[in-house]
Amino acid sequence: MAMNVVILNGNLGKDPEIKVSQSGTSITRFSLAVKGNRKDENGEYKTNWINCLAFSKTAELIANHCKKGDKIGVRGSLETGSYVNKEGVTVYTSDVIVQELEFLTSKQQATQQQAQPQQQYQQPMQQQFQQQQP
């Protein structure tokens, strides 16, 4: 049995744009910034830019409801290809063909969520400190 399954969570690198093929199929091409698992020589995690391609209703959902910075989850399959560029050099490509999509957070929601935990923790700590004072 052969398996070709890719599951990613990441942030959109730019606003997705939708195009329609000659046959009428909606197509959205976008890239996801996905945090790597290992640190580099500077102690920072590398960002992997993953090219993704969505078709039909999935393409329309992404193009109409997502924008740069939004965090989404995708499940799909890896497709490789190649072409010869203007200089005659063969260029190899890899794309995740998106089959399922999950909206995780928008950039605005992520910023709000980062601020909220600080506020939630500050108040109990202040109350605890006040209770300990005579």
Side-chain angles (χ1 to χ4, degrees):
M1 176 172 80
M3 285 196 340
N4 182 354
V5 179
V6 177
I7 300 172
L8 301 168
N9 287 333
N11 297 84
L12 288 167
K14 64 179 182 176
D15 290 343
E17 295 179 19
I18 194 164
K19 295 182 180 181
V20 179
S21 70
Q22 291 178 351
S23 64
T25 303
S26 300
I27 303 169
T28 299
R29 180 176 291 278
F30 60 97
S31 61
L32 276 183
V34 178
K35 181 179 173 183
N37 294 329
R38 293 180 285 152
K39 293 182 179 180
D40 63 14
E41 59 276 355
N42 298 322
E44 299 195 16
Y45 290 99
K46 175 185 175 189
T47 300
N48 296 294
W49 290 94
I50 312 295
N51 295 320
C52 299
L53 195 56
F55 297 94
S56 302
K57 294 290 183 193
T58 306
E60 293 169 13
L61 279 170
I62 293 168
N64 294 330
H65 298 285
C66 296
K67 61 183 182 293
K68 179 181 178 177
D70 287 353
K71 187 174 190 97
I72 64 171
V74 298
R75 186 187 69 76
S77 58
L78 186 64
E79 187 174 282
T80 61
S82 64
Y83 63 93
V84 178
N85 67 13
K86 295 176 185 176
E87 291 80 30
V89 177
T90 301
V91 177
Y92 295 95
T93 62
S94 297
D95 294 299
V96 173
I97 307 303
V98 177
Q99 296 159 344
E100 291 181 29
L101 164 71
E102 184 173 344
F103 300 102
L104 299 175
T105 58
S106 68
K107 188 175 183 180
Q108 181 180 8
Q109 288 172 330
T111 303
Q112 290 172 352
Q113 287 176 355
Q114 287 175 350
Q116 287 175 351
Q118 293 172 353
Q119 294 169 354
Q120 291 172 354
Y121 291 120
Q122 287 174 354
Q123 187 175 9
M125 289 174 64
Q126 289 172 351
Q127 288 175 351
Q128 185 180 21
F129 179 75
Q130 290 171 354
Q131 291 171 358
Q132 290 175 355
Q133 289 184 335

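- Looking at heavy atoms from C-beta onward, T25 lies out of side-chain contact with V20 at the 4.5 angstrom threshold.
- Residues I18 and A63 share a closest heavy-atom pair of CB-CB, 3.6 Å.
- Interatomic distance, CD1 of I72 versus CG of L32, reported as 5.0 Å (0.5 Å rounding).
- For V84, the side-chain contact (heavy atoms from CB on, under 4.5 Å) partners two or more places apart in sequence, or in a different chain, are T90.
- With rounding to the nearest 0.5 angstrom, the CD atom of E41 is 11.0 Å from the NZ atom of K46.
- Cluster membership check: F55 does not share its hydrophobic cluster with I62, using side-chain heavy-atom separations under 4.5 Å among Ile, Leu, Val, Met, Phe, Trp and Tyr.
- Closest of all the heavy-atom pairs between W49 and G13 is CZ3-CA, 3.4 Å.
- Considering all non-hydrogen atoms of both residues, N51 and S31 come closest at OD1-CB, 4.1 Å.
- Nearest heavy-atom pair, G36 versus Y45, reported as atom, atom and distance to 0.1 Å: O-CD2, 3.4 Å.
- Note that CG of L78 is 5.0 Å distant from OG of S94, once rounded to the nearest 0.5 Å.
- Going from atom CG of D15 over to atom NZ of K67 covers 8.0 Å, rounded to the nearest 0.5 Å.
- Between the CD1 atom of I27 and the CD atom of E17 there is a distance of 13.5 Å, given to the nearest 0.5 Å.
- Summarising the geometry, atom OG1 belonging to T47 is positioned 9.0 Å from atom NZ belonging to K35; distances are rounded to the nearest 0.5 Å.
- Summarising the geometry of L12 relative to C66, their closest heavy-atom pair is CD1-CB, 3.3 Å, with the distance given to 0.1 Å.
- Looking only at distances, a side-chain donor or acceptor of D40 sits under 3.5 Å from a matching main-chain atom of N42.
- There is no path of hydrophobic side-chain contacts, each under 4.5 Å, that joins L53 to I50.
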Q: Walk me through it: do D70 and H65 pass the test side-chain contact (heavy atoms from CB on, under 4.5 Å)?
A: CA-CA 10 Å; D70 287 353; H65 298 285; over 6 Å; no
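- A side chain to side chain donor-acceptor pair (under 3.5 Å) check over residues 73-84, counting only residues at least two apart or in different chains, returns the pairs R75-Q99, R75-E100.
- Heavy atoms from other residues, nucleotides or ligands lying under 6.0 Å from CG of N37 number 12 at most.
- In the hydrophobic clustering of this structure, V98 groups with F103; members are Ile, Leu, Val, Met, Phe, Trp, Tyr whose side-chain heavy atoms approach within less than 4.5 Å, directly or through other members.
- Among all heavy-atom pairs drawn from S26 and A59, the shortest one is O-CB, 3.6 Å.
- The cluster map of Ile, Leu, Val, Met, Phe, Trp and Tyr, joined by side-chain heavy atoms under 4.5 Å apart, puts V74 and I97 in different clusters.
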